[in-house]
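Working notes, beginning with the structure itself.
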Amino acid sequence: MLGRADFIIKYLILALIQMLLCNYANFSPYLTLSILPVMVLCIPTKANTTWAMLIAFVTALAIDFLAGGVIGLNALALVPVALIRRPVCDSIFDKELAVRGDDFSIRKYGMPKVVFAIFLVQTLFLLIYVTADGGVQRPFSFSLVRFALSLVAGVLLSIPAAAVLTPDDRV
């Protein structure tokens, strides 16, 4: 039970950090900083896909509302991340991960695999986010640059977030 409370507290702190990023880290229209995809990726495997989608929806909607963004934009982009969370974990880490009730960790599976998983969920999130946020009304080159810069920054920002949310596995 302590592990669950520990995860919830860390998740809420990272959600607060995401709100601060949305409010105070608008450096450029070419950059969208988000740690939301990695937060959903790191939801414990004991939570099934339906719960993960609900958690993603509520988290994203709260951030949209509290950060003054377009209401529903983060939710639109984050719920599909929750939908693919289990298949991504199964294909990259271990198919038996969810069956055993284990959670992935950087120490157990290595940084390259974790970064690849983060890359996949960030890619899906940003494809939907950038497209829904006026991507069809802006020049393709603008959307492409925004997507690429946001993906690189998002992956780099998500690595420490994953380290915070995943278990350490030290004995």
Side-chain angles (χ1 to χ4, degrees), residues 7 10-45 47 49 52-53 55-57 59-60 62-64 67 69-70 73-94 97 102-135 138 140-169:
F7 176 82
K10 290 175 182 178
Y11 187 91
L12 291 174
I13 290 170
L14 287 175
L16 180 63
I17 290 170
Q18 179 62 50
M19 284 183 231
L20 293 172
L21 283 172
C22 289
N23 282 326
Y24 300 110
N26 291 331
F27 304 118
S28 165
Y30 290 101
L31 186 62
T32 301
L33 295 175
S34 183
I35 58 172
L36 291 172
V38 76
M39 290 170 57
V40 169
L41 179 68
C42 293
I43 292 173
T45 57
T49 301
M53 291 172 72
I55 292 166
F57 179 76
T59 303
I63 287 172
D64 283 339
V70 176
L73 185 58
N74 277 313
L76 174 71
L78 194 60
V79 171
V81 170
L83 182 65
I84 69 157
R85 174 184 68 100
R86 184 72 53 90
V88 166
C89 287
D90 288 349
S91 64
I92 294 175
F93 302 119
D94 188 359
L97 191 68
D102 291 342
D103 297 316
F104 73 89
S105 70
I106 295 172
R107 184 176 184 155
K108 187 174 191 179
Y109 290 100
M111 187 63 77
K113 285 186 176 185
V114 173
V115 170
F116 184 61
I118 291 170
F119 173 81
L120 290 177
V121 295
Q122 277 283 353
T123 298
L124 176 63
F125 176 83
L126 287 169
L127 281 173
I128 296 169
Y129 189 96
V130 169
T131 302
D133 191 29
R138 294 181 175 160
F140 178 73
S141 59
F142 174 87
S143 296
L144 185 62
V145 170
R146 181 179 182 193
F147 170 79
L149 289 175
S150 299
L151 181 61
V152 170
V155 169
L156 292 175
L157 197 60
S158 294
I159 293 169
V164 167
L165 284 175
T166 58
D168 194 6
D169 290 343

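Values in this document were obtained by computation on a predicted structure and should not be read as measured data.
Nearest heavy atom pair, residue Met53 against residue Leu83, reads SD-CD1, 3.9 Å. Ile35 and Gln18 make their closest contact through N-OE1, 2.7 Å (heavy atoms, listed as atom of the first residue, atom of the second, distance). Nearest approach of Met111 to Ile106, heavy atoms of both residues: CE-CG2, 3.9 Å. Of all heavy-atom pairs spanning Ala67 and Cys22, the tightest one is CB-CB, 3.5 Å. Considering every non-hydrogen atom in both Ala77 and Ile128, the closest pair reads CA-CG2, 3.6 Å. In terms of heavy-atom proximity, Ala162 sits nearest to Cys42 at CA-SG, 4.1 Å.
Counting only heavy atoms from C-beta outward, the side chains of Ile92 and Leu120 approach each other to under 4.5 Å. No side-chain heavy atom of Phe93 sits less than 4.5 Å from a side-chain heavy atom of Val88. Residues Val40 and Ile55 form no side-chain contact, since every pair of their non-hydrogen atoms from C-beta on lies 4.5 Å or further apart. Leu78 has its side chain out of reach of Phe57: every pair of non-hydrogen atoms, C-beta onward, lies at least 4.5 Å apart. The closest side-chain heavy-atom distance from Ile17 to Leu14 is below 4.5 Å. Phe125 has its side chain within reach of Ser34: a pair of non-hydrogen atoms, C-beta onward, lies under 4.5 Å apart.
To the nearest 0.5 Å, the span separating NZ on Lys113 from SG on Cys89 amounts to 12.0 Å. A distance of 11.5 Å separates OG1 of Thr32 from CG of Leu21, quoted to the nearest 0.5 Å. Interatomic distance, Leu41 CG to Leu165 CG, rounded to the nearest 0.5 Å: 9.5 Å. A distance of 15.5 Å separates CG of Leu33 from OH of Tyr24, quoted to the nearest 0.5 Å. In this structure, the separation between CG on Leu151 and CG on Leu156 is 9.5 Å, given to the nearest 0.5 Å. With rounding to the nearest 0.5 Å, the separation of CE in Met39 from CG in Leu12 is 8.0 Å.
Between Arg85 and Thr49, the side chains place no donor N or O within less than 3.5 Å of an acceptor N or O (distance only, hydrogens not considered). Between the side chains of Tyr11 and Thr59, at least one donor N or O lies within less than 3.5 Å of an accepting N or O.
A distance-only check finds no donor-acceptor pair linking the side chain of Gln122 to the backbone of Val152 [under 3.5 Å]. The closest donor-acceptor contact from the side chain of Asn74 to the backbone of Asp64 lies at 3.5 Å or more, if one exists at all. Remark: the backbone N or O of Phe147 is not paired with any side-chain donor or acceptor of Ser150 at under 3.5 angstrom.
Within 6.0 Å of CZ on Phe142 lie more than 12 heavy atoms contributed by other residues, nucleotides or ligands.
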